[in-house]
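If you're wondering where the values come from, they're calculated on a predicted model, not measured in any experiment.
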Amino acid sequence: MGTKGKIIKCKAAIAWEGNKPLSIEEVEVAPPKDHEVRIQIIATALCHSDAHILHPQFEGGFFPVILGHEAAGIVESVGPGVTNFKPGDKVIPLYAPQCGKCKFCLSPCTNFCGKLKHFKNPMGDQKLMEDGTSRFTCKGKPIYHFMGTSTFSQYTVVSDVNLAKLDDDANLERVCLLGCAFSTGYGAVINNAKVTPGSTCAIFGLGGVGLSAVMGCKASGASRIIVIDINSEKFTKAKALGATDCLNPKDLDKPIQEVIIEMTNGGVDFAFECVGGAKIMRAALDSVTVGWGVCTIIGVNVGDNGLNVSAMELLMGRTLTGTCFGGWKGVTSVPKLAADYKNKKLDLDALVSHTLPFDKVNEAFDLMYQGKSIRTVLLF
């Protein structure tokens, strides 16, 4: 390609400030520096995490910024020192890096990486490249990166440890969901909770993450998969993916956790909270059985005060845990998930409810806010 080593001018969606629609702008994307890769983004989806930073109650917001962290693309050029990627490679940017050298990467107990610094709020991490500068400029101003990925741009620059290489025949319009939604929900079940055959599960929230958790429970051999959502229109798809019972809290005359406890003779073995917020976290924890019940928190709600848990609840044998990116070490695991999709072992198609041109990114946010979409894929 004739663009190597040159600034590329392209289209991107910039958040100039919080609580406002994104603005489609022409941006300048600098060439990659040491151990960096410049990618042409082909398909990007959007996630509630992209919306969090726009929320007026989000602490530590930074603007202007190019959001986006669930995407797939093609390598345009590589910087000095990059040996694992070459121009033309199909790739998925990763907000969860894997350097392969730090104490976290060398441990089988986690998928964290020492490249991350702000464990209290990872969404504020990786807003600049390793040298402390941005590769994006618009109207003469530097633009922040987002989670090391910034996929709401036709071209982006990422660290070579924030990138997974795919097979040449990968379907980028579908495997882009491996950048967050599917990997997070499915991995929470498989890697973090480790759902066992014959067990009972409850999944709160049926967005892209929740439906991916349904698929994980089905693949794990769960005997009963109870799903909870305030939008009953999502139940048909959930059942097709393996849900056995569907509950809408709006249709019930008692708290959802009480209903689940009655249905399961004391509570489920595993619960997955895929929405966020203290009320739903509380319902999920209450719905697991004493003795061995495991509640896994996946959802995040901006401005939430958190969950109050008494010692006695945990002394009674319940486990409360969480997950980031489904526990996957992305550089090594995402290519395998992409291969599983190609071999029809995973159903990513079921998660895509809308496909829109990139210019309609704000329409995609509206669909998400209104609960009308599962995942919207935007194409450049």
Side-chain angles (χ1 to χ4, degrees), residues 47-52 55 57-59 69-70 95-96 109-112 116 118-125 147 180-196 199-217 220 222 225-230 247 249 255-257 260-261 267-290 292-328:
C47 165
H48 278 283
S49 297
D50 298 309
H52 286 339
H55 196 288
Q57 288 181 274
F58 181 81
E59 293 183 9
H69 65 283
E70 187 174 289
Y95 65 87
C109 300
T110 184
N111 64 330
F112 284 178
L116 299 174
H118 307 293
F119 288 124
K120 282 190 174 180
N121 189 355
M123 276 183 278
D125 215 328
M147 295 175 77
C180 183
F182 180 83
S183 301
T184 300
Y186 190 79
V189 175
I190 304 291
N191 298 326
N192 298 108
K194 296 180 172 62
V195 166
T196 51
S199 59
T200 55
C201 302
I203 296 165
F204 292 76
L206 291 174
V209 173
L211 287 172
S212 299
V214 172
M215 290 188 236
C217 291
S220 299
I225 304 170
I226 303 167
V227 297
I228 302 97
D229 202 286
I230 56 172
L247 301 174
I256 187 70
Q257 52 265 58
I260 293 171
I261 288 168
V268 292
D269 303 312
F270 299 95
F272 299 91
E273 195 286 303
C274 307
V275 182
K279 185 177 180 182
I280 304 175
M281 286 194 284
R282 166 50 59 193
L285 180 59
D286 287 348
S287 70
V288 300
T289 180
V290 298
W292 60 79
V294 177
C295 176
T296 303
I297 303 296
I298 312 173
V300 177
N301 198 354
V302 173
D304 189 73
N305 293 325
L307 177 65
N308 288 320
V309 181
S310 72
M312 196 57 68
E313 290 179 88
L314 302 182
L315 291 176
M316 289 295 101
R318 295 183 182 92
T319 299
L320 179 64
T321 186
T323 181
C324 177
F325 195 53
W328 302 105

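Side chain of T321 to backbone of T296: no donor-acceptor contact under 3.5 angstrom is found. Without hydrogens or angle criteria, N111 side chain to C324 main chain gives a donor-acceptor distance under 3.5 Å. Proximity of a side-chain donor or acceptor of D286 to a complementary backbone N or O of Q257 within less than 3.5 Å is not detected. Remark: the backbone N or O of A181 is paired with a side-chain donor or acceptor of E70 at under 3.5 angstrom. Remark: the backbone N or O of E313 is paired with a side-chain donor or acceptor of S310 at under 3.5 angstrom. Panel note: side chain H52, backbone V300; a donor-acceptor pair is recorded below 3.5 Å.
Atom-to-atom distance recorded for F272:CZ and I297:CD1 is 11.0 Å, nearest 0.5 angstrom. To the nearest 0.5 Å, the span separating OG on S287 from CD on E273 amounts to 10.5 Å. One finds the SG atom of C295 at 9.0 Å from the CZ atom of R282 (value rounded to the nearest 0.5 Å). The CD1 atom of I226 sits 9.0 Å away from atom SG of C201, with the distance rounded to the nearest 0.5 Å. How far OG1 of T319 is from CH2 of W292: 12.5 Å, rounded to the nearest 0.5 Å. Separation of atoms OG (S212) and CD1 (I190) is listed at 11.0 Å; rounding is to 0.5 Å.
The 12-atom threshold is not exceeded at CD1 of I230, counting heavy atoms of other residues, nucleotides or ligands nearer than 6.0 Å.
Closest approach of V294 to V288, counting heavy atoms only: O-CG1, 3.6 Å. Nearest heavy atom pair, residue F325 against residue T184, reads CA-OG1, 3.7 Å. Closest of all the heavy-atom pairs between V195 and A222 is CG1-CB, 4.3 Å. Scanning both residues, C217 and I203, for their nearest heavy atoms gives SG-CD1, 3.9 Å. Nearest heavy atoms, P249 versus I256: CG-CD1, 4.5 Å. Nearest heavy-atom pair, A271 versus F204, reported as atom, atom and distance to 0.1 Å: CB-CE1, 4.5 Å.
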Side chain to side chain contact (heavy atoms under 4.5 Å, CB included) evaluation trace for V290 with R318: CA-CA 6 Å; V290 298; R318 295 183 182 92; 3.3 Å; yes
Step-by-step side chain to side chain contact (heavy atoms under 4.5 Å, CB included) determination, N301 to I280: CA-CA 10 Å; N301 198 354; I280 304 175; over 6 Å; no
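The only option from I225, T289, T200, T196 that meets the side-chain contact (heavy atoms from CB on, under 4.5 Å) definition with F270 turns out to be T196.
Side chains of T323 and N192: a donor on one and an acceptor on the other come within 3.5 Å.
In this pair, Y95 and H69 present their aromatic rings perpendicular. The plane angle is above 60°, beyond the 30 to 60° band.
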